[in-house]
Amino acid sequence: MTADRATPAAPTDPADLVLTEVRLTPVLIADPPLLNTQGVHQPHTPRLIIEVVTAGGATGLGETYGDTEYLELARPLAEAMIGRPVTDLNGLPALAARVCGDSPAATGADAVDAGGLRGVRTADKLRLSVLSGFEVACLDAWGHATGLPVHALLGGKVRDRVEYSAYLFYRWARHPGGRGEPDDWGAALDPAGIVAQARRFADTYGFTSFKLKGGVYEPAREVAAVRALAAAFPGRPLRLDPNGAWSVPVSLEVAHELRDVLEYLEDPVSGTARMAEVAAGTDLPLATNMCVTTFDEIAEAFTRGAVQVVLADHHYWGGLRNTRELAAVCRTFGVGLSMHSNTHLGISLAAMTHVAATVPHLDYACDTHYPWQREDVLTERLAFRDGHLDVSDAPGLGVTLDRDRLAALHRRWLADDGGQRVRDDAAAMRVADPGWVTPAVPRW
Ligand SMILES: O=C([O-])C(=O)C[C@H](O)[C@@H](O)C(=O)[O-]
Ligand SMILES: [Mg+2]
């Protein structure tokens, strides 16, 4: 005789989980004049908001890069998703490979643009970045259909809050030519400006670790800024990230000078071979979101000891579940895990928080650009407390779309003449400096 199995009062009918509608809404969101080695952020950055609806009426939200080449891949994928269950996540990569094709923009494998800040650009990586937004939307809808938070669908949270770090940038007070909407942060172009920015981040959000985006000025000036941070925030974890702008000798010099204050040095040089050379010459851990950005790149980097910390990013790694697979590989090789961020809205921040909550050895505070984004498409902004975000136990991602905000940011995208629909930090820099070209690496 078999024991009776308890049946839930109202089990989810699989037919209710089938997608009946997928909506894509490209938006342009305000972005401050943040400087990096390639140029400066545009006044507005494109993002893509993905909404899915199931036969049972559950809705889900996803967010990813909104540049034209991503939109071109998202449109056929959105069509192909109709009629498929939100639970069919393992089938998503094959579906995307079948229907998306290769965007022409992806064919220049080492095309240098904003995408270069996160390693080489390949058709695979573009496709993964697009499907990640769909995966998140499906998980959100699945969560709404079942009453479960996304972290539960990933196997459950191992922490109740996720720590984030302050993302410091050299920046101008205004965009060149007075473009875009002003903010009240003012310029930060020297050590005092960077410390003031850090203080505001600490006071407002409670962040206790700080990352400085480098590669903007000559290394000595950036070393001085990190030293000033160390003096202002003694003992706090600090990071410096010049996005591969330095040579091996310069990197080793900086590593030596800052070895007592940095928790890690991020992408001092470009490419795995040069990262391995630097790693061989310093005890300071090297982190990357540039030379390990796909599963294919892991073996060489890990076996050569080129990196000690990988910055995961669910967008280009292909979703929350792939991020967990990356975490497992890192754990196997004794490599640390942190989290990368580009300009993003609250949907992606919620997704980052859910997956981060499920990874036991997430050893470092995660990066986020969110505090720089004054606009969002949510009814309620996610709020940092003591440098952390609480992990939501509400169904799905635990966020709600504000349709008016979405419509307004979409109208901005519609009104754009095409000049900002693809992020191009070098083009934005040319408004201030017409002769600017993306610097070759190593720059110093
Ligand atoms: O290396 C990194 O951490 C990034 O790529 C983050 C961002 O892209 C940042 O550099 C930016 O937006 O200027
Ligand atoms: Mg980086």
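As the structure lists them, so they are numbered: ligands from 1, and atoms in each ligand from 1. Below, each value reflects all heavy atoms present in this structure, side chains not excepted, and no hydrogens, waters or symmetry copies.
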Exactly one candidate in R127, R121, R423 meets salt bridge (Lys or Arg N to Asp or Glu O under 4.0 Å) with E69; the answer is R121
Apply the test salt bridge (charged side-chain N to carboxylate O under 4.0 Å, His left out) to residues E325 and R321: give CA-CA distance (whole Å), side-chain angles for both, the deciding distance (0.1 Å), then the verdict.
-> CA-CA 6 Å; E325 288 185 18; R321 291 152 60 262; over 6 Å; no
Which residue, R174, R374, R171, forms the side chain to side chain donor-acceptor pair (under 3.5 Å) with D183?
-> R171
Close approach, R423 and ligand 1, non-hydrogen under 4.0 angstrom | yes
For M290, is the nearest heavy atom under 4.0 Å from an atom of ligand 1?
-> no
Per-atom contacts, ligand 1 versus K213 - under 4.0 Å to a heavy atom = 1 (O), 2 (C), 3 (O), 4 (C), 6 (C), 9 (C), 10 (O)
Using the salt bridge (charged side-chain N to carboxylate O under 4.0 Å, His left out) rule, take R47 and E63 through it: C-alpha gap first, then chi angles, then the decisive distance, then the call.
-> CA-CA 7 Å; R47 297 293 286 174; E63 173 192 345; 2.8 Å; yes
With atoms numbered from 1 as shown, which atoms in ligand 1 lie under 4.0 angstrom from a non-hydrogen atom of H41?
-> 11 (C), 12 (O), 13 (O)
Distance-only side-chain donor-acceptor flag, T293 / K125, under 3.5 Å | yes
Hey, which atoms in ligand 1 end up nearer than 4.0 Å to a heavy atom of F169?
-> 9 (C), 11 (C), 13 (O)
Assess whether atom CD of E218 is packed by more than 12 heavy atoms of other residues, nucleotides or ligands within 6.0 Å.
-> yes
For residues H315 and Y65, establish whether the separation of their ring centroids is below 6.0 Å.
-> yes
Could you check whether the rings of F201 and F207 sit parallel, tilted or perpendicular, using 30° and 60° as the cut-offs?
-> tilted
Quick note on ligand 1: atoms under 4.0 Å from a heavy atom of S341 include exactly 6 (C), 7 (C)
Mind checking whether H354 and H151 have parallel, tilted or perpendicular rings, split at 30° and 60°?
-> parallel
For N342, the ligand 1 atoms with a heavy-atom partner under 4.0 Å come out as 6 (C), 7 (C), 8 (O)
So which protein N/O/S atoms does the Mg ion (ligand 2) have within less than 2.8 Å?
-> D241 OD2, E266 OE2, N289 OD1
Where's the contact between L34 and ligand 1, heavy-atom distance under 4.0 Å: side chain, backbone, both or neither?
-> neither
Does T343 reach ligand 1, in the sense of a heavy atom lying below 4.0 Å from it?
-> no
Under-4.0 Å heavy-atom contact with ligand 1, by part of W372 that carries it = neither
Region of D241 engaging ligand 1 - heavy atom pairs below 4.0 Å = side chain
Could you establish whether H340 and ligand 1 come within less than 4.0 Å of each other, counting only heavy atoms on the residue side?
-> yes
Ligand 1 to N36, heavy atom cutoff 4.0 Å, flagged ligand atoms 11 (C), 13 (O)
R421 side chain vs W413 backbone, donor-acceptor pair below 3.5 Å | yes
Should the pair F384 and Y205 be assigned to parallel (<30°), tilted (30 to 60°) or perpendicular (>60°) ring geometry?
-> perpendicular
Contact check, N289 vs ligand 1, heavy-atom distance below 4.0 Å = yes
Would you please test D390 and R161 for salt bridge (charged side-chain N to carboxylate O under 4.0 Å, His left out) and show each step?
-> CA-CA 4 Å; D390 291 336; R161 42 187 222 148; 5.4 Å; no
Between E181 and H44, do the side chains contain an N or O donor and an N or O acceptor separated by less than 3.5 Å?
-> yes
Going by heavy atoms, is E266 under 4.0 Å from ligand 1?
-> yes
Ring geometry between Y316 and H340 (parallel below 30°, tilted from 30 to 60°, perpendicular above 60°) | tilted
Considering only heavy atoms of N243, which atoms of ligand 1 have at least one such atom less than 4.0 Å away?
-> 1 (O), 2 (C), 5 (O), 10 (O)
Residue part near ligand 1, for M339, under 4.0 Å between non-hydrogen atoms = neither
